[in-house]
Number of protein chains: 2
Amino acid sequence: MSGITLDRLQIFLAVAEYLHFTRAAESLYLTQPAVSAAIQSLEDSYGLRLFHRIGRRVELTDAGRLLQAEARDILDRVALTERGLRELNEMQRGELHLGSSLTIGNYWLPRKIGEFKRRHPGIVVNCTLANTEEICTGTATGAFDLGLIEGEVLPSTQRHLEKAIVGGDRLVIVVGPSHPWFELPFVETHQLAETAWLMREPGSGTQQRFEEALLSWQVDPSILPIALVLTTGEMVKVLVEEGVGAAAISELIVEKELQLRTMRAVPIIDPEQSSVLEIRRPFLKLRHRQRFQTKISRVFEQLLVSY
Amino acid sequence: MSGITLDRLQIFLAVAEYLHFTRAAESLYLTQPAVSAAIQSLEDSYGLRLFHRIGRRVELTDAGRLLQAEARDILDRVALTERGLRELNEMQRGELHLGSSLTIGNYWLPRKIGEFKRRHPGIVVNCTLANTEEICTGTATGAFDLGLIEGEVLPSTQRHLEKAIVGGDRLVIVVGPSHPWFELPFVETHQLAETAWLMREPGSGTQQRFEEALLSWQVDPSILPIALVLTTGEMVKVLVEEGVGAAAISELIVEKELQLRTMRAVPIIDPEQSSVLEIRRPFLKLRHRQRFQTKISRVFEQLLVSY
DNA sequence: CAAAACCATCAATAAAATTGATGAAAACCT
DNA sequence: AGGTTTTCATCAATTTTATTGATGGTTTTG
């Protein structure tokens, strides 16, 4: 009956999101009457309706929209405050939300997370893998404390994000044992078109960087014969071992295979300068420019940089 | 026992201000144990102390200072939100979306809106002019709080809408100074086909009502010589002044012209009964049957009716 | 050293939120 | 159309939570 409470705001927000009392109730593990009561309390307190009830459909009123924005803000702030307080408790508890693109997340980040967990066993680390674009938007909206990508920052999110290099890898040209290049000491740039290639999809960081490298070597990417286009480095790796063709892939992904000699990284030579060519790629750490950073996040960031 | 609530923040802030449990309790009209319990709940939830209890003195801890700043912020925001909601209800601000058809919107509604704005300066009135059909569908879908039309309700939207008469106008037959009727005291119904006519387009409320009237006078509309078909009353008005022909038009539109004698409203007489014929037309107010009506909308409606 | 001030604790009570059952209205489906 | 389902509102009963009044222990004050 009496005004705003955080619980009621929470309930209101759920209803505003689902536009459905029953579903909102389920999402909060409440019963539907509890939700109805909460909304009515709010409505009664201010003598207005927050939702239109049109038949069995529910829509936000103007007042509802106003409250939705405010409620988000208030609850956000409360959540941050709670985190802040928990952290003061000497980092014995807390959460760290990371977002990482695939290569980093699978082959580079686990070591870092392991190290962090060893030092701060009470912290729950929550790591989401997704493509670069999703990591950027997620970091911009606050879904992640920290984002890690190997490509370029999505322009639309750039002004919200602060980036820094925290490492990198090299792309290597690999072939399987049955491939003619397997025995060669090196390959010259003009020979690149002489084999079939396994590619990642055009949106991927790996593919972008590879094409960039080809152009800098004066090789037109479109002249390479493409055997297959695949969406994960794992698939590329297996098919290269099978001898289907050559591929550019992160050295991190094929580390073990190179050791076991089930594939080989063929050096590429610039015939004019007789120098070995490398494809280096930076790993970027992203964080929101303005959003308050938790202590946990700061500590993890420190650990990333001090590798 | 469970986390932050607004009440507890309120209590905490009072204690942080007075640095005194008992006095804080008094200031909030609570007993001291209630305050103790509230603070302990907060402290227990995060496993830390918010106040140093040094002897019988109370001081803020680091955590307490952090929470104090945040709590102020949160409660401030909540207060603002509450005020916003209340204002919305008490009509110190808010929006009113009106949809009106052309004649009403241009010649009748402005006075009403003016009166409303005088009484409720904080309310933003947003008035969309469109044809009857669009006003009906807009009101049915909730784009408008209130719709005003001079014609009939679009049948497909009828079951969603509630209508009521809020006023009306008369269509008058006007001619310019150079027209032969200008000097006549009246015109009989059978003479109507003796001049050229300026018509509104068939969909318009004016045109519909005019044809309806002709039929009721036993005049076949199709025998009138049509000089031009125009889409606004303004254009009709100017061309009538130029002497192009006669036209049926709302008295509201030509009020000034009649005063200035740049045109004349010719009375139409039924020769059998020697009575003056009038074409009256109601203005309808529309609103959605089920959609919640804001207080603002109700007040405006009241103003319309009580003219 | 006694008195007063002050916070913590506790059992009892008051207030609230929540539930499960039920009802009424609208939408959906033949 | 008519029967079925979905969905929100309502209500009495229950559980949970907040508050109270009384009390005890500790510290400061005079």
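Below, chain A is the first sequence line, B the second, and so on; all start at residue 1. This one's a predicted model, so the numbers in the text were calculated from it and none came from an experiment.
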With B/Phe116 via ring pair (Phe, Tyr, Trp, His ring centres under 6.0 Å) - residues at least two apart: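 Ring pair (Phe, Tyr, Trp, His ring centres under 6.0 Å) check on B/Phe116 returns B/His120, B/Phe300.
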What integer distance in Å separates [X]:[atom1] from [N]:[atom2]?
| X | N | atom1 | atom2 | value |
| --- | --- | --- | --- | --- |
| A/Leu30 | C/dG20 | CG | P | 11 Å |
| A/His52 | C/dA26 | NE2 | P | 17 Å |
| B/Phe12 | C/dC7 | CZ | C1' | 17 Å |
| B/Glu26 | C/dA5 | CD | P | 12 Å |
| A/Glu59 | C/dA26 | CD | P | 16 Å |
| B/Ile11 | D/dT19 | CD1 | C1' | 10 Å |
| B/Arg289 | C/dA26 | CZ | P | 11 Å |
| B/Phe51 | C/dC6 | CZ | P | 15 Å |

Protein-to-nucleotide contact annotation, 5' to 3' order, nucleotides 3-15 of chain D [B base; S sugar-phosphate only; - none; under 4.0 Å, heavy atom]: --BBSBBB-----
Taking for each residue the nucleotide of DNA chain C bearing the nearest heavy atom, is the 5' side occupied by B/Arg159 or by A/Asp7?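 Upstream on the strand: A/Asp7.
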Could you check B/Thr206, B/Thr132, B/Leu109, B/Leu129 and say which one makes a side-chain contact (heavy atoms from CB on, under 4.5 Å) with B/Ser101?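 Testing each of B/Thr206, B/Thr132, B/Leu109, B/Leu129 against B/Ser101, the sole residue satisfying side-chain contact (heavy atoms from CB on, under 4.5 Å) is B/Thr132.
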For A/Glu115, give me all partners under side chain to side chain donor-acceptor pair (under 3.5 Å), at least two apart in sequence or on another chain.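 For A/Glu115, the residues satisfying side chain to side chain donor-acceptor pair (under 3.5 Å) (neighbours in sequence not counted) are A/Arg118, A/Arg119.
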Taking side-chain hydrogen bond (donor to acceptor under 3.5 Å, both in side chains) as the cut-off, I'd like each qualifying pair that reaches into residues 66-76 of chain B, sequence neighbours left out, listed once.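 Residue pairs with at least one partner in residues 66-76 of chain B: A/Arg77-B/Asp73, A/Thr81-B/Glu70.
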Residue pairs fulfilling salt bridge (Lys or Arg N to Asp or Glu O under 4.0 Å) with at least one residue in residues 133-152 of chain B, sequence neighbours excluded: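 Only B/Glu152-B/Lys163 qualify under salt bridge (Lys or Arg N to Asp or Glu O under 4.0 Å).
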B/Glu212 and B/Gln208: side-chain donor and acceptor closer than 3.5 Å?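 There is no such pair between these side chains.
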Parallel, tilted or perpendicular: rings of B/Phe21 and B/Phe51 (30°, 60°):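 It falls in the perpendicular class, over 60°.
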In degrees rounded to 10°, what angle is found between the helical axes fit to the five outermost pairs at each end of the helix from C/dC1-D/dG30 to C/dT30-D/dA1?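 Angle reported: 30°, given to the nearest ten degrees.
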Checking A/Glu43 side chain against A/Leu50 main chain: does a donor-acceptor pair fall under 3.5 Å?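 It does hold such a pair.
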Please confirm whether the backbone N or O of B/Arg159 pairs with a side-chain atom of B/Arg289, one donor and one acceptor, at under 3.5 Å?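 Between the backbone of B/Arg159 and the side chain of B/Arg289 there is a qualifying donor-acceptor contact (under 3.5 Å).
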